[in-house]
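Per chain, numbering begins at 1; letters A, B, ... match sequence-line order.
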There are 2 protein chains.
Amino acid sequence: MFSKSCEYGIRAMIHIAQQQETTGRVSLKDIAREIDSPEAFTGKILQTLTREGLLNSLKGPTGGFELAREAGKINLAEIVLAVDGDNLFNGCALGLSTCDSEKPCPAHEKFAIVRDELTLMLRTSILDEMAMGLKNGVSFLTR
Amino acid sequence: MFSKSCEYGIRAMIHIAQQQETTGRVSLKDIAREIDSPEAFTGKILQTLTREGLLNSLKGPTGGFELAREAGKINLAEIVLAVDGDNLFNGCALGLSTCDSEKPCPAHEKFAIVRDELTLMLRTSILDEMAMGLKNGVSFLTR
DNA sequence: TCTATTTCAGACAAAAATGTCCGCTATTAT
DNA sequence: ATAATAGCGGACATTTTTGTCTGAAATAGA
């Protein structure tokens with residue numbers, strides 16, 4: 001569904017949202033440890049998220065990452081788009097480049113419905129709600 | 001969403017379903033040409049589908065592939081499962097190995113709903129209906 | 001200023017997915 | 001029988017994804 005990079009990216013964003021409320025900026029080392037991901041590789045993904053405007057970063061001691069906007073205004077769809085691009089949202093399920101409602105593939109109609117629901121679900125999955133769940137012990141990020 | 005292998009596999013199965021009604025067995029060469037896929041690679045995927053019991057194959061002149069069951073009794077979920085495995089149906093959206101309703105990831109609840117709908121959509125996408133759409137010019141497999 | 005810390009950038013490495021090639025086997029037709 | 005055809009199996013090649021390493025740049029604190 002999502003690439004490994006995207007999985008790490010989402011987990012990192014949720015962790016940052018939950019962590020920065022109490023401790024401010026979060027370091028790569030802390031993030032990688034908490035979400036159980038390879039540190040250097042996660043660094044690359046956080047760079048991407050920073051370039052895409054979803055994170056701010058600061059170098060040096062006390063440096064680290066923080067959300068570029070408040071956690072109530074960032075949703076999963078943005079993160080997926082930033083890391084994996086728009087293929088999940090726009091691409092044909094069967095990989096056809098010409099598939100649209102004018103010239104649909106055999107799965108187009110049914111697939112469009114599910115994809116729209118997936119898109120909606122991602123757009124309505126807000127970081128602060130997920131961070132809240134983590135804090136309350138309702139959900140977990142441990143593998 | 002699906003791997004390239006899976007996209008080719010689905011397109012091949014739909015083409016076979018539509019083609020075999022009139023011409024019987026369908027050759028790899030014909031399939032690869034019609035669904036615009038690399039021939040040798042597609043051959044590997046058809047071997048998998050044959051091993052998984054979704055296709056029958058026959059060697060030699062007049063050989064080729066045919067559906068192992070009638071097209072009305074094969075759905076997309078079976079093809080996806082045969083080629084890509086069960087990760088799409090069972091795996092955690094964030095890649096956590098421990099994620100379930102007991103110890104859910106922050107996206108578990110919302111994601112489960114969409115995934116169930118995707119599963120249902122795949123189960124109710126039947127080969128003969130899609131083959132029909134192709135034959136009637138309602139849908140297309142050309143890239 | 002000097003040092004320690006932390007992110008950034010680019011090169012490099014390993015693994016997985018995608019794709020190719022070739023000889024073998026089974027089957028059909030002559 | 002023999003030749004031609006078409007799928008099978010395994011090795012090999014390429015590309016993409018995933019992951020690592022190193023040195024540079026920026027920043028904070030002593």
Side-chain angles (χ1 to χ4, degrees), chain A residues 1-12 16 19-20 23-33 35-68 80 83-85 87-88 91 94-95 143, chain B residues 1-12 16 19-20 23-33 35-68 80 83-85 87-88 91 94-95 143:
Chain A
M1 176 72 75
F2 306 130
S3 71
K4 221 78 184 122
S5 294
C6 193
E7 291 176 359
Y8 294 150
I10 293 173
R11 279 151 61 184
I16 294 170
Q19 187 71 11
Q20 73 175 13
T23 63
R25 274 187 294 271
V26 192
S27 73
L28 170 60
K29 185 176 298 187
D30 179 282
I31 294 167
R33 178 173 18 86
I35 72 172
D36 191 27
S37 64
E39 186 175 320
F41 188 55
T42 304
K44 294 296 188 191
I45 299 159
L46 296 182
Q47 283 175 44
T48 300
L49 291 168
T50 301
R51 256 185 279 109
E52 295 289 325
L54 292 175
L55 288 176
N56 292 327
S57 69
L58 199 70
K59 296 180 183 177
T62 79
F65 297 87
E66 63 188 6
L67 301 181
V80 172
V83 178
D84 277 353
N87 190 62
L88 184 63
L94 305 190
R143 67 159 43 241
Chain B
M1 176 73 74
F2 306 131
S3 69
K4 221 80 186 116
S5 295
C6 194
E7 291 175 0
Y8 294 151
I10 293 173
R11 278 150 62 183
I16 295 168
Q19 187 70 13
Q20 74 175 13
T23 62
R25 272 187 296 273
V26 192
S27 73
L28 170 59
K29 185 176 300 190
D30 177 281
I31 294 166
R33 178 173 18 86
I35 70 172
D36 191 27
S37 64
E39 185 174 320
F41 188 57
T42 304
K44 296 294 186 191
I45 298 160
L46 297 181
Q47 281 175 44
T48 299
L49 291 168
T50 302
R51 258 185 279 110
E52 295 289 326
L54 293 175
L55 287 176
N56 292 328
S57 68
L58 201 69
K59 297 179 183 176
T62 79
F65 297 88
E66 63 190 5
L67 301 181
V80 172
V83 178
D84 277 353
N87 190 62
L88 185 62
L94 307 190
R143 65 161 42 239

*So how far off straight is the helix from C:dT1-D:dA30 to C:dT30-D:dA1, going by the axes through five pairs at either end, to 10°?*
10°

*side-chain contact (heavy atoms from CB on, under 4.5 Å) between A:F2 and A:V83: does it pass, once the steps are laid out?*
CA-CA 9 Å; A:F2 306 130; A:V83 178; over 6 Å; no

*Can you sort out the partners of B:K4 under salt bridge (Lys or Arg N to Asp or Glu O under 4.0 Å), two or more places apart, ordered by chain and number?*
B:E7

*Could you check which residues of residues 5-12 of chain B get a heavy atom under 4.0 Å from DNA chain C? Sort them by number, please.*
B:S5, B:Y8

_Separation of D:dA26 C1' from A:N56 CG (nearest whole Å)_ = 16 Å

*Side-chain contact, heavy-atom cut-off 4.5 Å: A:V26 with A:E66?*
no

Exercise answer: donor-acceptor pairs, residues 45-57 of chain A side-chain atoms, under 3.5 Å, sequence neighbours excluded:
unit_1, atom_1, unit_2, atom_2, d
A:T48, OG1, A:K44, O, 3.2
A:T50, OG1, A:L46, O, 2.8

*In whole Å, what is the span from the CG atom of B:L28 to the P atom of D:dC8?*
9 Å

*Can you list the residues that meet the side chain to side chain donor-acceptor pair (under 3.5 Å) rule with B:S27, with sequence neighbours excluded?*
none

*For the side chain of A:P38, counting heavy atoms from C-beta on, which of D:dT20, C:dC8, C:dG19 is nearest?*
D:dT20

*Do any side-chain nitrogens or oxygens of A:S57 fall under 4.0 Å of OP1 or OP2 in C:dT6?*
no

*Can you list the residues that meet the side chain to side chain donor-acceptor pair (under 3.5 Å) rule with A:S5, with sequence neighbours excluded?*
none

_Test of understanding: with salt bridge (Lys or Arg N to Asp or Glu O under 4.0 Å), list the residues that count as partners of A:R25, not counting sequence neighbours._
none

*Taking DNA chain D as the partner, which of residues 39-49 of chain B come within under 4.0 angstrom of it by heavy atom?*
B:K44, B:Q47

_Residues which pass side chain to side chain donor-acceptor pair (under 3.5 Å) with B:N87, listed by chain and number, not counting sequence neighbours_ = none

*Which parts of nucleotides 25-30 of chain C does protein reach within less than 4.0 Å, heavy atoms only, written one letter per nucleotide 5' to 3' as B for base, S for sugar-phosphate only and - for none?*
BBBB--

*Which residues share a salt bridge (Lys or Arg N to Asp or Glu O under 4.0 Å) with A:K59, sequence neighbours left out*: none

*Side-chain donor/acceptor of A:Q20 to backbone N/O of A:L67, under 3.5 Å*: yes

*Check the distance between C:dT6's C1' and A:I31's CD1 and give it to me in whole angstrom.*
12 Å

